[in-house]
Protein chains: 2
Amino acid sequence: MNNNCEVCFYRSFLFDNLEKKEFALLSLARKEIDYKKGEIIVREGEKISDFLYLKEGLLKVYRTVGPRKEQIVGVAKPMDFVGLLSVFSKSNYQYSISTLEDSSVCAIPLDLVKQMVHSNGDFANTLLKKMSEMNDQILNARLDINLKNLRGRTAYILLMLSKEVYKSEKFDLPVSRKEIGELIDMRTENVIRILSEFRNDGIIKIEGKGIEIVDMERLEQISEFG
Amino acid sequence: MNNNCEVCFYRSFLFDNLEKKEFALLSLARKEIDYKKGEIIVREGEKISDFLYLKEGLLKVYRTVGPRKEQIVGVAKPMDFVGLLSVFSKSNYQYSISTLEDSSVCAIPLDLVKQMVHSNGDFANTLLKKMSEMNDQILNARLDINLKNLRGRTAYILLMLSKEVYKSEKFDLPVSRKEIGELIDMRTENVIRILSEFRNDGIIKIEGKGIEIVDMERLEQISEFG
DNA sequence: TGGGTATTATGATATATATCAAGATTGTTT
DNA sequence: AAACAATCTTGATATATATCATAATACCCA
């Protein structure tokens, strides 16, 4: 953990256009907080005071829909700027955020971000672009999922985890079967059933949370065509 | 149609923080284009050169998913800044846009908008807020729809048209039953069936495209609980 | 004005998905 | 280590939704 934003590895993704004195402000004002797996970072309804920014780990963004039902909006990895979701439109969080893995989050006072948007045009344009990209990604994921049947959705989520999150065909599921269901709109039992089906067809190997994708091509076909 | 953005009724929603000379630039650079109902304004894949802004009418934002299947992302009325969707993240449109009613659209060169973001901090913050609001709205609509059964979805779309678009319990459907299905993920036959069901239960009156909501409370209950 | 095409409509049937049930496994607390 | 809770698993069944078929009506245009 370093304490100077100017030399932070992640700066290039959003903060590349800041000036010396802005980096100084940022380094001073930001807080870096470490969370253990399973902790809740943000609760729906809480006041938004900071701009959150995932440095390391994996987050789950979700909302509570019934007394005991959750709907997962998305999973966010570093660089995903999940904090950008509705940060500029609402004064209170619409979604809760929890950690799926040990994570470390940078919190920058929202006022400071707005101030930098105001004073630094390049930063403003970069932020607009990042925000737009993130929203696109989330929306497109939902639209895609809506078109797929259960097999397609299950394949989709496995591919997403393999390609976007873990960059490996072998990984541990960061979530329970129930949570997978909440993410791609299906029942726990069906998630399990279809994973078993994939296993029986020799497409994946399963060992508890451990997944290995054996036949990537086949899985891509299923994701595409159901 | 007036030609000076400074005195345009709609300016207050986004362009309230511009300076005299920026209004002058805007008035000069923008184009106002009128479309008849059913025309296509933007085709998926086309280069984005302008920031589009609906002054009057109703738009449908959609994407083509199969050889002959469409998925409607949303319906946009004036003030909805539908053009903001992915304008800052992509260089080509991801979605098509067509008119559901006679419409008039303002087109502002994207370069000019970016330039104004750069030079005018208040404008930048306002734009961030509007963009965030629009994305929230679209995403929330999709998340809500996903939770509802077919009856709930059908009720939801009728309420949306009544409350948000036409501000009246009596209105003409701007879309076919097929398009309603594309918007809320259901089959044409089921849209028709459920509308008939609502009619038979005395909740709405139907006359071709004409809809009158008779029992608003009931419809709200159905939208909420299915 | 007619003939073609898209839309609206309803019924019968098939299919996908949810629900219910019950047991096995894993994880957590005392 | 025992006891409890949560998760995972599979099978049987119910339910919601899609699909197929057919007809009536509205709409377009040559």
Side-chain angles (χ1 to χ4, degrees), chain A residues 36-39 60 65-66 68-72 98 100 145-158 172-201 204-211 222-223 225-226, chain B residues 36-39 60 65-66 68-72 98 100 145-158 172-201 204-211 222-223 225-226:
Chain A
K36 289 251 168 260
K37 172 175 178 164
E39 284 191 84
K60 158 176 120 169
V65 286
R68 48 177 56 261
K69 199 180 168 188
E70 282 176 7
Q71 186 178 32
I72 299 180
S98 69
L100 294 174
I145 286 168
N146 282 164
L147 293 171
K148 297 181 198 300
N149 64 13
L150 298 196
R151 276 167 59 85
R153 284 181 215 171
T154 309
Y156 177 93
I157 198 74
L158 291 177
D172 281 352
L173 288 173
V175 289
S176 68
R177 271 66 163 165
K178 176 154 164 281
E179 286 172 306
I180 292 177
E182 286 166 355
L183 182 53
I184 55 181
D185 271 311
M186 52 191 282
R187 287 291 136 159
T188 313
E189 295 94 321
N190 287 326
V191 173
I192 291 166
R193 238 185 284 275
I194 286 166
L195 286 175
S196 304
E197 211 177 299
F198 288 171
R199 171 170 39 74
N200 296 338
D201 293 350
I204 61 173
K205 285 183 189 160
I206 306 179
E207 225 182 292
K209 298 274 188 194
I211 297 284
I222 293 171
S223 170
F225 306 106
Chain B
K36 289 252 169 256
K37 172 177 175 160
E39 284 191 86
K60 158 175 119 168
V65 286
R68 47 176 59 258
K69 196 180 170 190
E70 281 176 8
Q71 186 179 32
I72 299 180
S98 71
L100 294 173
I145 287 168
N146 280 165
L147 292 172
K148 296 178 198 300
N149 65 12
L150 298 195
R151 275 167 62 85
R153 284 182 215 171
T154 309
Y156 177 93
I157 197 75
L158 291 176
D172 282 352
L173 288 173
V175 289
S176 68
R177 272 66 163 164
K178 176 152 164 283
E179 285 172 306
I180 292 178
E182 286 166 356
L183 182 53
I184 55 181
D185 272 311
M186 50 191 284
R187 288 289 136 161
T188 313
E189 295 95 321
N190 287 326
V191 174
I192 291 166
R193 237 185 285 273
I194 286 167
L195 286 175
S196 304
E197 211 178 298
F198 287 171
R199 171 170 39 72
N200 295 340
D201 292 350
I204 62 173
K205 285 183 187 161
I206 306 178
E207 224 181 291
K209 298 274 187 194
I211 297 283
I222 293 171
S223 170
F225 305 106

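In what follows, every chain begins at residue 1, and chains take the letters A, B, ... in the order their sequences are listed.
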Protein-nucleotides 19-26 of chain C N/O pairs under 3.5 Å:
from    : atom 1 : to      : atom 2 : distance (Å)
dT19(C) : OP2    : R187(A) : NE     : 3.1
dT19(C) : OP2    : R187(A) : NH1    : 2.8
dT19(C) : OP2    : R187(A) : NH2    : 3.4
dT19(C) : O4     : R193(A) : NH2    : 3.0
dC20(C) : N4     : E189(A) : OE2    : 3.3

Discussion item. Can you confirm whether K37(A) is buried at NZ, in the sense that more than 12 heavy atoms of other residues, nucleotides or ligands lie under 6.0 Å from that atom?
Written reply: no

To the nearest 0.5 Å, tell me how far [X] [atom1] sits from [Y] [atom2].
X	Y	atom1	atom2	value
I72(B)	I157(B)	CD1	CD1	8.5 Å
K60(A)	E70(A)	NZ	CD	4.5 Å
N200(A)	L195(A)	CG	CG	11.0 Å

Discussion item. Go nucleotide by nucleotide along DNA chain C from the 5' end; which of I206(B) and N149(A) gets its closest nucleotide reached first?
Written reply: I206(B)

Worksheet entry | First of L195(A) and R153(B) reached from the 5' end of DNA chain D, by closest nucleotide | L195(A)

Worksheet item: Once you round it to whole Å, what is the distance between P of dG11(C) and CD1 of I194(B)?
Response: 15 Å

Item to complete: May I ask you to say what L150(B) touches in the nucleic acid, namely base, sugar-phosphate or nothing, with a heavy-atom cut-off under 4.0 Å?
Response: sugar-phosphate

Discussion item. If the cut-off is 4.0 Å, is S196(B) near the phosphate of dT10(C), judged by side-chain N/O to OP1 or OP2?
Written reply: yes

Item to complete: Using a strict 4.0 Å threshold on nitrogen-to-oxygen distance, state whether E197(A) and R193(A) make a salt bridge.
Response: no

Taking side chain as C-beta onward, heavy atoms only, is [X] less than 4.5 Å from [Y]?
X	Y	result
I180(B)	L173(B)	yes
D172(A)	I211(A)	no
I184(B)	K148(B)	no

Discussion item. Quick check for you: name the first and last nucleotides of DNA chain D, 5' to 3', having an atom under 4.0 Å from a heavy atom of chain A.
Written reply: dC8(D) to dA12(D)

